[in-house]
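Letters A, B, ... are given to chains in the order of the sequence lines, protein chains preceding strands, and every chain is numbered from 1.
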2 protein chains.
Amino acid sequence: MESGVGVRECIEDYLGAIYRLRVAPESPLPLSALGEYFGFSPVSIHEMVQKLSQQGWIHYYPYRGVTLNARGEAVALALLRRHRLWERFLTDMLDVPWAEAHEIAGTLEHAAPESVTERLSALLGDPVSCPHGVPIPPSKRTYIDTCLRQAPLGARGRVTRIAPESGDILRDVQGWGLLPGRQITVVEKHEADIIVQVEERLVSIPVESANVIWIEVL
Amino acid sequence: MESGVGVRECIEDYLGAIYRLRVAPESPLPLSALGEYFGFSPVSIHEMVQKLSQQGWIHYYPYRGVTLNARGEAVALALLRRHRLWERFLTDMLDVPWAEAHEIAGTLEHAAPESVTERLSALLGDPVSCPHGVPIPPSKRTYIDTCLRQAPLGARGRVTRIAPESGDILRDVQGWGLLPGRQITVVEKHEADIIVQVEERLVSIPVESANVIWIEVL
DNA sequence: TAAAGTTATAAGGTATACCTTATAAAAAGA
DNA sequence: TCTTTTTATAAGGTATACCTTATAACTTTA
Ligand SMILES: [Mn+2]
Ligand SMILES: [Mn+2]
Ligand SMILES: [Mn+2]
Ligand SMILES: [Mn+2]
């Protein structure tokens, strides 16, 4: 009956809270701040802090507070990214009121693996801030992409980037609906153009344009 | 650090499993079936079954098995509805592969309150089956509706039902576009008819017809 | 530097949901 | 009917994440 994407929900929430509450990456966050944030007793906070420190998520400086180490910060950033993307989904696509979205996202944030998170981000148009204006941490995902020109016939993939970019090409790409994140399939390959399927549409891409469109083959 | 929509995640999963696995509502599901499904020991299953029975979610017939009572079935249906709607969201909007959607939905299913579930359903076009073809239980949302005849001038609402129904009336209603779910506004009230706005259209409804059209005032 | 305030630690407890081993009771089959 | 199989129950254990009360250690302030 385990949920989540690997790290325990509780641990994710502690790491996220440390990230949210800290004033600067290097200055330790007093345990009292965590106690207030969660409404837990100082003893309980101390217990969890010991555990987080032993398990290698944080640095604990007794009588001073905690900081995230690299591993803990990575989990915190991924959590906050998921949290804020779900918030955007809830407010932008489901019209959930602003004030409720935060709380609901507090559960959803633990439920999406990275692949789903990135697809969600693409669906939302890769927003850079949550409905409350807080920046959404960027994806730290590294993908291996292929130039559409080189993609084999029948390849199914996700548009990753337009590079090198130029005004003309960007306008064309927008017209074809080949924005980053879109799922496409290579349907035909000819001398002068490549036919790809985007959603229900078939579009013909001149090979010069196909040279600057990159996809991650899935 | 509690998630969920009220009922414990674990309890929801047990009730959902009983619903999924049962062959008929009345024939008890042997505990061994639950043990196999979850991969838990018979003793653990028995413990949980005792708890579910004590807490009033199921009937337990020793040596025969368990059935859901009304309360348990309501929770199971709501869970399976959420599960299958999230599956549709994952496959239809995020292009998550068929095979992965089920597992991811196994966590998301616990994370959406009813209002969010219904908005999600609407966003997806109120699908009636999951990507695997299994029917999605309908919303059991209860509304308080008013007869259109009685609805005050200016009232804005959603058509809930046509009752009592008859062939003639149904044909008229369809012609007016007053199908259940439609948003309408009462624009004018006269002796013999009521003028309502449906989408961009204005339609005149004879008072006799207005007697059998019910709306939920919003 | 001594008192006051804050933080840490020890000890014992709760609830949830899983586990194993052993035994008892009931149902099913030969 | 008698044996085998299935199901139930008792007893004791684990891990997680919270709790309270009491005491010890450290830091801050007067
Ligand atoms: Mn959370
Ligand atoms: Mn926010
Ligand atoms: Mn589940
Ligand atoms: Mn399904």
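Counting non-hydrogen atoms of other residues, nucleotides and ligands closer than 6.0 Å to CD of A/Q55 gives a total above 12. Counted within 6.0 Å of CD on B/E103, heavy atoms from surrounding residues, nucleotides or ligands total 12 or fewer; the atom is thus considered open.
Residues of residues 15-35 of chain A that place a heavy atom closer than 4.0 Å to DNA chain D do not occur. Near DNA chain C, meaning a heavy atom under 4.0 Å away, the residues from residues 45-55 of chain B are B/E47, B/M48, B/K51.
Closest to the A/V43 side chain, of the nucleotides C/dC18, D/dC19, D/dT16, is D/dC19. Of the candidate nucleotides C/dC19, D/dC19, C/dC18, C/dC18 has the atom lying nearest to any side-chain atom of B/Y14. Comparing atom distances between the A/Y60 side chain and each of C/dT9, C/dT20, D/dT9 picks out C/dT9 as nearest.
Rounding to the nearest 0.5 angstrom, the gap separating the CD1 atom in B/I104 from the OG atom in A/S115 is 5.5 Å. Taking CG from A/L108 and CZ from A/R82, the interatomic distance works out to 11.0 Å, rounded to the nearest 0.5 Å.
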- line: Reading nucleotides 23-30 of chain C from 5' to 3' and marking B where a protein heavy atom lies under 4.0 Å of the base, S where only the sugar-phosphate is that close, and - otherwise, the string is --BSS---

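Ring geometry for A/F38 against A/F40 counts as parallel: the plane angle stays under 30°, on a 0 to 90° scale with 60° as the upper cut. By the 30° and 60° cut-offs, the orientation of the rings of B/H102 relative to B/H132 is perpendicular.
In this structure, B/R71 contributes its side chain and B/G56 its backbone to a donor-acceptor pair below 3.5 Å. The closest donor-acceptor contact from the side chain of A/R84 to the backbone of A/V134 lies at 3.5 Å or more, if one exists at all. Of the possible polar contacts, none joining the A/K189 side chain to the A/G154 backbone as a donor-acceptor pair under 3.5 Å is found. When atom types are taken as modelled, the side chain of A/Q197 and the backbone of A/E199 share a donor-acceptor pair closer than 3.5 angstrom. A donor-acceptor pair under 3.5 Å links the side-chain atoms of A/R88 to the main chain of A/S129, judged by distance alone.
When rounded to the nearest whole Å, the span between OH of B/Y37 and C1' of C/dC18 equals 18 Å. Spacing between atom CZ of A/R8 and atom P of D/dC18 amounts to 11 Å, rounded to whole angstrom units. The CD1 atom of A/I11 sits 10 Å away from the C1' atom of D/dT16 (whole-angstrom rounding).
Under the salt bridge (Lys or Arg N to Asp or Glu O under 4.0 Å) rule, A/R81 has a single partner from A/E114, A/E12, A/E87, A/E118, which is A/E118.
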Donor-acceptor contacts under 3.5 Å from residues 42-51 of chain A side chains, at least two apart:
from: A/S44; atom 1: OG; to: A/S41; atom 2: OG; distance (Å): 3.0
from: A/H46; atom 1: NE2; to: A/Q50; atom 2: NE2; distance (Å): 3.4
from: A/H46; atom 1: NE2; to: A/Y60; atom 2: OH; distance (Å): 3.2

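By the side-chain hydrogen bond (donor to acceptor under 3.5 Å, both in side chains) test, B/R20 pairs with B/Y37, sequence neighbours left out.
Contacts of A/Y61 with the nucleic acid, taken as non-hydrogen atoms under 4.0 Å apart, are absent. Nucleic acid contact class of A/G39 (heavy atoms, under 4.0 Å, all strands): sugar-phosphate only.
A stem is defined here as three or more consecutive Watson-Crick or G-U pairs, each with both distances under 3.5 Å; for DNA chain D these stems are C:1-30 with D:1-30.
The phosphate of D/dC19 (OP1 or OP2) has a side-chain N or O of A/S41 nearer than 4.0 angstrom.
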